[in-house]
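This report refers to the structure that appears directly beneath it.
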Amino acid sequence: GVWVLAIVLAAFVASPWLGDALVTEAEFTGNPPESMEAMTLMNDRLGIEEATTMDELIIVRHESLTVDDPAFAAQVNAIYADVVALGPEVATEAVSYYIYPLPQLVSADKHSTMISFQMPIDNYERVTEVYALGDKYATDGFQVYHTGNAAFMEDNMALSESTMATGEAVGIGVALV
């Protein structure tokens with residue numbers, strides 16, 4: 001009983017100092033691995049430049065309205081305007097069905113369309129601002145989904161940090177025993 005109390009108390013006292021000590025980034029020190037050197041060499045010889053942006057999609061759906069309904073168009077145009085308003089640090093090259101009426105941007109049943117845009121790799125964390133727009137416009141029967149490389153990276157990082165923090169907290173408890 002006393003040992004359990006001592007361990008819980010020690011973990012509680014140590015936790016404020018752990019925040020800065022938890023590892024969330026990985027980078028190579030010294031010489032880069034051969035696989036990175038090979039990738040760089042291959043890209044240089046093939047004339048492939050390193051990507052600076054990532055593809056992102058916002059999908060807007062409504063069960064009863066279609067892309068031909070003015071209310072649907074107004075909702076998509078509002079989302080589009082807010083995405084573009086985030087600026088080039090978050091979204092560039094945005095395209096929607098109402099800007100370019102391409103059939104590839106609309107589902108077969110016309111109840112869904114997408115807004116496609118590019119997001120700079122260096123700012124992928126700002127995809128949370130796009131998530132907030134989805135939450136803002138998911139009203140009155142509209143469903144707003146977001147997917148893409150930045151979304152994957154941000155979701156993966158959030159999950160990894162949560163899992164890592166839990167693992168490190170358990171590991172410290174075990175180490176104290």
Donor-acceptor list for residues 75-89 side chains, cut-off 3.5 Å, not counting sequence neighbours:
| from | atom 1 | to | atom 2 | distance (Å) |
| --- | --- | --- | --- | --- |
| Q75 | NE2 | Y137 | O | 2.7 |
| N77 | ND2 | A73 | O | 3.2 |
| Y80 | OH | A94 | O | 3.3 |
| D82 | OD2 | K136 | NZ | 3.0 |
| D82 | OD2 | Y137 | OH | 2.6 |

Single-linkage hydrophobic cluster, 4.5 Å side-chain cutoff, M54 and V90 together: no

Single-linkage hydrophobic cluster L102~V67, side-chain heavy atoms < 4.5 angstrom: yes

Side-chain heavy atoms of V95 within contact of L105, under 4.5 Å: yes

Heavy-atom side-chain contact between H146 and V127 under 4.5 Å: yes

Heavy-atom side-chain proximity of M119 to T53 below 4.5 angstrom: no

Test item: M153 and E125 side chains (from C-beta on) under 4.5 Å apart, heavy atoms: no

Sequence-distant partners of L46, side chain to side chain contact (heavy atoms under 4.5 Å, CB included), two or more places apart: M42, I48

With sequence neighbours excluded, residues passing ring-ring contact (aromatic ring centres under 6.0 Å, His included) with F72: F142

For D109, salt bridge (Lys or Arg N to Asp or Glu O under 4.0 Å) partners two or more places apart: R61

Min side-chain heavy-atom separation E63-Q143 under 4.5 Å: yes

Verdict with supporting geometry, V144 and I58, side chain to side chain contact (heavy atoms under 4.5 Å, CB included): CA-CA 7 Å; V144 182; I58 296 172; 3.7 Å; yes

Backbone N/O of N149 and side chain of E56: donor-acceptor pair under 3.5 Å: yes

Qualifying ring pair (Phe, Tyr, Trp, His ring centres under 6.0 Å) pairs with a residue from residues 88-110, counting only residues at least two apart or across chains: none

By ring-ring contact (aromatic ring centres under 6.0 Å, His included) - contacts of H111 (at least two apart): none

